[in-house]
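Order of the sequence lines sets the chain letters (A, B, ...), proteins ahead of strands, with each chain counted from 1. As the structure is a computational prediction, the values presented were derived from the model and not from experiment.
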Amino acid sequence: MSSTKLYSTREVKLLEPGSRARVRGWVYRHRDLGGKVFIVVRDSEGILQMIASEAYTPREYIEEARRATIESSIIGEGVVARDPRAPGGVELRLERFEIVGLASDFPIKGGESIDYLLDIRHLWIRSRKLTAVMKIRDTIHGAFREFFKSRGFWEVSPPMLTQAAVEGGATLFKVDFFGRPAYLTQSAQLYLEVLIYSLEKVWTLAPSFRAERSRTRRHLYEYWHLEAEEAWVHMDGEMKLVEDLVAYTTRRVLDEKLEELSFLKRDTEKLEQATKPPYPRIRYEEAIELLRRKGVDINYGDDLGADEERLLTEYFDTPFFITHFPLELKSFYMKPDPHNPREALAFDLLAPEGIGEIVGGSEREDDYERLLNSITSRGLDPKDYEWYLDLRRYGSVPHSGFGLGVERYIMWVAGLDHIRDAIPFPRFRDRLYP
RNA sequence: GCCGCCGUAGCUCAGCGGGUAGAGCGCCGGGCUGUUAACCCGGUGGUCGGUGGUUCGAAUCCACCCGGCGGCGCCA
């Protein structure tokens with residue numbers, strides 16, 4: 001178009017008034033007043049108002065600006081001006097204007113139903129809300145990686161296609177693997193356990209798939225799972241790792257994504273409190289006692305449901321741990337507490353404000369015979385776990401690990417009321433498009 | 001798997017003690033030289049989710065089916 005320098009909407013706001021600038025983006029708002037055309041342009045960094053006026057814009061470009069429909073891609077060039085009437089206080093007075101891709105009538109105008117918006121997720125994804133969440137997610141991914149690096153962990157890549165279940169009970173997605181049944185993984189844990197015998201401390205960020213027929217605001221069929229496993233570490237050490245990770249990552253979001261949190265109207269004071277570990281720890285039996293005191297009809301041995309978790313979060317302002325669950329409530333690979341073999345060395349981390357469980361972890365059973373008993377007593381077939389049992393025959397070590405549901409954590413950090421907005425393309429039952 | 005709710009214009013919804021379909025927004029045309037989800041005037045717009053039934057007559061009543069939303073259980 002010309003040699004005038006290209007700036008992003010954010011950079012334009014830092015220029016001296018009177019500077020020339022070229023800006024490109026998509027039409028976010030369009031108001032044609034006859035003599036003047038106001039166009040608010042959106043790019044990946046923000047929004048900027050452009051104005052076409054007979055006072056400084058050649059007629060042909062005013063006509064072009066008039067034609068620019070919502071979501072058309074455009075390039076504008078002109079003079080930067082400060083004006084309190086402009087959104088953000090800065091605007092671009094156009095001297096040239098070009099439509100790159102004229103948009104058809106954009107289907108989102110405000111007030112659409114969730115169902116409809118999910119059908120056009122590929123267009124809805126442009127919204128400033130979802131853009132803000134995706135930027136926060138990027139910071140979270142980076143913080144995970146840096147945290148583990150700083151703690152001497154190795155990042156590894158477990159398989160997505162597997163032969164059998166990691167945990168009994170949960171439903172698996174079955175796929176056809178050249179005529180043989182295979183399944184999409186629901187956790188990398190068992191594979192991470194394999195890798196600690198050489199790398200000692202490993203982690204991965206990968207998708208997990210659950211075909212549970214869940215239908216709640218906290219469940220996805222495909223979600224991202226942050227998992228870590230370390231040798232020579234007992235439950236207490238693992239919990240310390242988890243709270244340091246969550247505190248560090250939350251701190252990073254506060255430091256780098258304040259603008260996005262503010263756009264999402266997130267109360268950052270709630271996040272500040274979570275940057276100061278240690279987090280409170282209560283044992284399962286204490287949780288039951290707290291609930292009974294609140295009048296809940298629950299007994300030792302009952303599982304904590306969504307309502308119970310929500311009630312418990314009211315006692316705490318930060319994430320908190322629940323530990324030492326009855327063995328029968330937990331998976332076969334968890335180690336019983338030597339001081340009380342009825343309880344597992346397992347822990348959940350619950351996020352406050354009613355979000356509930358975001359992390360599940362445990363010390364793993366490292367004894368061959370006890371692991372074999374645990375598998376058979378739960379009705380699982382030891383043949384499916386031969387390679388896993390082998391790990392206890394060749395230099396077994398005490399070890400612990402955990403899994404964090406990335407979208408649930410994002411839900412809490414970003415203050416989302418539904419998990420679908422924590423991931424660009426949520427997968428639910430009956431929804432695979434787009 | 002279970003419980004509850006909803007499918008009417010492009011979108012959001014009203015109409016549902018049965019009598020041939022309505023609003024707002026959008027869109028199109030016109031007006032407006034500072035709009036902020038702009039405003040003002042005019043126009044456009046529908047196999048009332050599908051099939052079958054009851055009825056002289058069904059968006060409205062009944063049955064089944066399809067699609068969706070909220071919640072539970074399970075989990076992260």
Under a 3.5 Å cut-off for both distances, is [N] Watson-Crick or wobble paired, and to whom?
N	result
B/G7	B/C66
B/C2	B/G71
B/A37	none
B/G17	none
B/U55	none
B/G46	none

Does the side chain of [X] get closer than 4.0 angstrom to OP1 or OP2 of [N] through an N or O atom?
X	N	answer
A/His30	B/U35	no
A/Ser113	B/U12	yes
A/Arg210	B/G73	no
A/Arg215	B/G70	yes

Touch check for [X], heavy atoms < 4.0 angstrom, all strands: base, sugar-phosphate only, or nothing?
X	value
A/Arg93	base
A/Arg66	nothing
A/Glu54	base
A/Leu33	base
A/Pro87	base
A/Leu220	base
A/Val359	sugar-phosphate
A/Ile108	nothing

message = Under 4.0 Å, heavy atom to any atom of RNA chain B: which of residues 316-328 of chain A qualify?
response =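 Heavy-atom cutoff 4.0 Å gives no residues at all.
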ask   = For RNA chain B, which residues in residues 278-308 of chain A have a heavy atom at a distance below 4.0 Å?
value =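 Heavy-atom cutoff 4.0 Å gives A/Asp303, A/Gly305, A/Ala306.
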query = Between A/Lys135 and A/Glu259, is there a salt bridge with N-O shorter than 4.0 Å?
reply =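 Answer for the salt bridge query: no.
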ask   = Would you call A/Glu146-A/Lys149 a salt bridge at under 4.0 Å N-O?
value =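 The answer is no: the pair does not qualify as a salt bridge.
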message = Looking only at the side chains, is there a donor atom on one of A/Glu193 and A/His399 sitting less than 3.5 Å from an acceptor on the other?
response =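 Short answer, yes.
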Rounding to an integer number of angstrom, what distance separates [N] and [M] when you compare their [atom1] atoms?
N	M	atom1	value
B/G70	B/U12	P	14 Å
B/C40	B/C5	C1'	40 Å
B/G49	B/U33	P	46 Å
B/G34	B/C69	C1'	42 Å
B/C74	B/G68	P	26 Å
B/C25	B/C64	P	41 Å
B/C16	B/G7	P	13 Å
B/A63	B/U54	C1'	11 Å

ask   = Can you tell me how far the NZ atom of A/Lys13 sits from the OG atom of A/Ser8, to the nearest 0.5 Å?
value =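 Result: 9.0 Å between the selected atoms.
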message = Is the ring pair A/Tyr388/A/Tyr385 parallel, tilted or perpendicular, if the boundaries are 30 and 60 degrees?
response =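 Correct class here is perpendicular.
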Residue pair [X] / [Y], side-chain heavy-atom distance below 4.5 Å:
X	Y	answer
A/Phe320	A/Tyr315	no
A/Glu222	A/Phe173	no
A/Trp203	A/Arg145	yes

Heavy-atom donor-acceptor pair, A/Glu227 side chain to A/Ala188 backbone, under 3.5 Å =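 Flag set: sc A/Glu227 to bb A/Ala188 pair under 3.5 Å.
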inquiry  = Tell me if a side-chain donor or acceptor on A/Thr185 pairs with a main-chain N or O of A/Ser208 at a distance below 3.5 Å.
reply    =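 Not a single qualifying donor-acceptor pair exists.
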ask   = On a plain distance test, is the side chain of A/Glu91 in donor-acceptor contact with the base of B/G34 below 3.5 Å?
value =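 Such a pair exists between side chain and base.
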message = For B/G26, does the base pair up with any side-chain atom of A/Lys109 as donor and acceptor (N or O, under 3.5 Å, distance only)?
response =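 Counting by modelled atom types and ignoring angles, no donor-acceptor contact under 3.5 Å is found here.
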Considering only [options], which nucleotide approaches the side chain of [X] most closely?
X	options	value
A/Ile419	B/A76, B/C32, B/G34	B/A76
A/Arg408	B/A76, B/C69, B/C11	B/A76
A/Lys36	B/A37, B/C69, B/U33	B/U33
A/Tyr223	B/A76, B/G68, B/U33	B/A76
A/Asp105	B/C75, B/C11, B/G26	B/G26

ask   = How do A/Gly405 and A/Ile70 order along RNA chain B: which one's closest nucleotide is nearer the 5' end?
value =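 It is A/Ile70 whose nearest nucleotide is closer to the 5' end.
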Ring pair (Phe, Tyr, Trp, His ring centres under 6.0 Å) partners for A/Tyr300, two or more places apart =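 Partners of A/Tyr300 by the ring pair (Phe, Tyr, Trp, His ring centres under 6.0 Å) criterion, ordered by chain and then number, come out as A/Tyr284.
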inquiry  = Run the side chain to side chain contact (heavy atoms under 4.5 Å, CB included) test on A/Val242 and A/Phe321 for me, step by step, so that the C-alpha distance in whole Å, both residues' side-chain angles and the decisive distance to 0.1 Å come before the verdict.
reply    = CA-CA 10 Å; A/Val242 167; A/Phe321 289 105; 4.1 Å; yes
task = Could you go through the side-chain hydrogen bond (donor to acceptor under 3.5 Å, both in side chains) check for A/Ser362 and A/Arg364 one step at a time?
result = CA-CA 6 Å; A/Ser362 72; A/Arg364 320 305 193 189; 2.7 Å; yes
A/Phe38-B/G34 aromatic stacking (under 5.5 Å, under 30°) =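 According to the criterion (under 5.5 Å, under 30°), no, A/Phe38 does not stack.
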